[in-house]
Amino acid sequence: VADLITVDFVDLELEAPDRASGTRSLAARLAAAGRVTDLDGFLADVRAREEQMATGLEGGIGIPHCRSEHVTEPSLGFGRSKGGVDFGAPDGPAHLIFLIAAPAGGGSEHMTILAKLARKLVHPSFKDALRDAGDPQAVVSLINKEVLGQ
Amino acid sequence: VKIVAVTSCPTGIAHTYMAAEALEQAAKDAGHEIHVETQGAAGADALSDQQLADADVAIFAADVEVRDRDRFAHLPQVSAGVKRAINDPGSLLAEAQAAVAAEPQGSRGPRHAAAAPAPKVGPGTQLRQWLMTGVSYMIPFVAAGGILIALGFLLGGGEVANKVYGGTFDGVTYKGVFDGGSPLDHFDVDQVIGAAGYAGLLFLIGKLAFFMLVPALSGFIAYAMADRLGLVPGIVGGIIAGAIGAGFLGGLVSGLLAGAVVLALKRVRVPKAVAGIMPVVVIPLLATVAVGLVMTLVVGKPITSAQTSLTSALNDLNGGNAVVLGLVLGLMMAFDMGGPVNKVAYTFGLAGLQSGNYEVMAAVMAAGMTPPIAMALATVVRPKLFTDSERKAGEAGWLLGASFITEGAIPFAAGDPLRVIPSLMAGSAVTGALSMAVHATSLAPHGGIWVVGLVGKPGLYLLAIAAGVLVSAATVVALKSTGRKTITLPSEQATTTSAPAVATA
């Protein structure tokens, strides 16, 4: 199984005027690694999900996500934004953005990893550690340790 | 509390699991047992038959249809969107706990007995669920405050109240420590203890707990209707209801009003830029202004003028048939228990005391003692007619009634006013009339059974109280058994109230 996240999927200086361009910036990183085969097709799927209900959560979190046939492996793009990117949460823009890409036909073993990741996202200590991470490698190590137990 | 929960969301890869984790963590912190079925993309670990059978309540945190919902038909249910479970799992658990507390004992059918989906609740049941939520949060205030007041009387005698607040008791006039003001403005504990001892301090703490009685009722009725956003206008409305002397009936009005206003404001579509400050600033502000203005201008003024005309009506009755006067005073004492009508009757009793007419005071006090005792009796005789929290309020009712703390019956009246209030009025009318008929007297303006030494004809006086208690208890049992089918409590309210919250998110 490929890694959920690599240092190439991490952007600690993400600045974007809106959620579409923020999502595109992270998705381009996944596309460059071959995780996303059709960038525009994938973004359309993310947008469709976003339109059902905004994915911003209280506490400065945005989790754009979708299951898409343009995704090859479960992958996570992570962006940290000082200025914040609006994901429609009632209390303001998101400073931690998780782009969760899941393959359309993914079996449940694929999905289990993403489920573990999602559960971690509600723990304040996990979010604090991500806010404080000094470099992309620290983010990757933290997520691997917390989500995969490695 | 043992909880089973289902979480589900459109994509099934993120919110489903975040909601599950948030609920599990919050339940762990609150000491509840919870099992969550995540109906997501990673496959659901179905709840076992044993877990379903053992559960007290079901929580659905779902933005898409819950699969196999009829498995939960035997349980009270609380529904909300996934985002609420993630952002505020604690309030969802509190609501589940309230749903368990509000469930009438023995009403739960056996598992799978109801294969059909739970019927949509009618407006009457819906209203009762709102009121019961408010009542369940109010009861601890009634119990804690009431028992402290009773303890104050028990340890310090009936004059404790006058030592604290001033006034005349058994021929002795006390100055009081607040100089006509309120302990909320200025509280000097040394003065209180100096004037009334620790018994007085206990009494005063109990009185302070009673200040929150109507605000808690009002606030949590609004909370049941409109979630967290209802709390502020509901509580403020309740404080105003207390301040204008509108009593718990005023609190019912302010709570329902606050809930309705917030629900309406949540439906308003606003530009994205404003949406962020809607729940923090705009809705609490507008709802509080609306409720505050209505309570002070529309509800407050008529109450004052009604009190004036009631007082003059009582003065006209005075000197006529004493038994009729006692009957009317009894009706008034039980009508709103601490509200404006009750206050007029009580003040009339005090005025009698001042002018040397001790019979009126005796009738007023006796009629104010019967409601809590009658409700306590009814919960013992027919427990199945009452919810769990009402039965707990009944346990405190004996002591509160015996101490002439009429407020002890408010939880029952607030939850089912149309059946309970007339029953209580009937019994108190009997007690008031009998007390006048036997010429019982009281030199004490409060204290209940603890000042029976200051009552003239104590034996007949207690008989008058017992007669009223029996009448009220029998009436309330009869009305509750015939007037209504047993309610089941699938708490549909959260589904409807959370929908606009999602829309504004």
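Chain A is the first sequence line, chain B the second, and so forth, proteins listed ahead of strands; every chain is numbered from 1.
In this structure, Ile13(B) and Ala118(A) approach most closely via the heavy-atom pair O-CB, 3.9 Å. Contact detail for Ala14(B) and Ile63(A): the closest heavy-atom pair is CB-CD1, 3.9 Å. Contact detail for Ala20(B) and Arg119(A): the closest heavy-atom pair is CB-NH2, 3.6 Å.
At least one side-chain heavy atom of Val82(B) sits under 4.5 Å from a side-chain heavy atom of Met53(A).
Taking 4.5 Å as the heavy-atom cut-off, the residues of residues 24-34 of chain B that approach chain A are Glu24(B), Gln25(B), ordered by number. Scanning residues 13-50 of chain A against chain B with a 4.5 Å non-hydrogen threshold yields Arg19(A), Arg49(A), sorted by number.
Residue contact with chain A, scored on non-hydrogen atoms closer than 4.5 Å, involves the side chain of Ile86(B) exclusively.
Contacts classified as salt bridge (Lys or Arg N to Asp or Glu O under 4.0 Å) and involving residues 129-140 of chain A (residues at least two apart or in different chains) are given here: Asp128(A)-Arg131(A).
At distances below 3.5 Å, at least one donor-acceptor pair connects side-chain atoms of Lys83(B) with backbone N or O atoms of Ala54(A).
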Checklist entry - Checking side chain to side chain contact (heavy atoms under 4.5 Å, CB included) for the pair Glu58(A)/Asp88(B): CA distance, chi angles, key distance, verdict? => result CA-CA 9 Å; Glu58(A) 283 177 29; Asp88(B) 192 12; over 6 Å; no
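Counting non-hydrogen atoms of other residues, nucleotides and ligands closer than 6.0 Å to CD of Gln137(A) gives a total above 12. Crowding of Lys116(A) atom NZ: a count of heavy atoms from other residues, nucleotides or ligands under 6.0 Å not exceeding 12.
Ranked by heavy-atom pairs shorter than 4.5 Å toward chain B, the options Asp86(A), Leu57(A), Thr55(A), Ile100(A) are led by Leu57(A).
One distance of note links CG of Leu114(A) with OH of Tyr17(B); it measures 9.0 Å at 0.5 Å rounding. Within the model, atoms CE of Met18(B) and NE2 of His123(A) stand 10.0 Å from one another, a figure rounded to the nearest 0.5 Å.
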Kindly list each side-chain donor-acceptor pair under 3.5 angstrom involving residues 90-99 of chain A, sequence neighbours excluded, with atom names and distances?
residue  : atom : partner  : partner atom : Å
Asp91(A) : OD2  : Gly59(A) : N            : 2.9
His95(A) : ND1  : Ser81(A) : O            : 2.9
His95(A) : ND1  : Lys82(A) : O            : 3.3

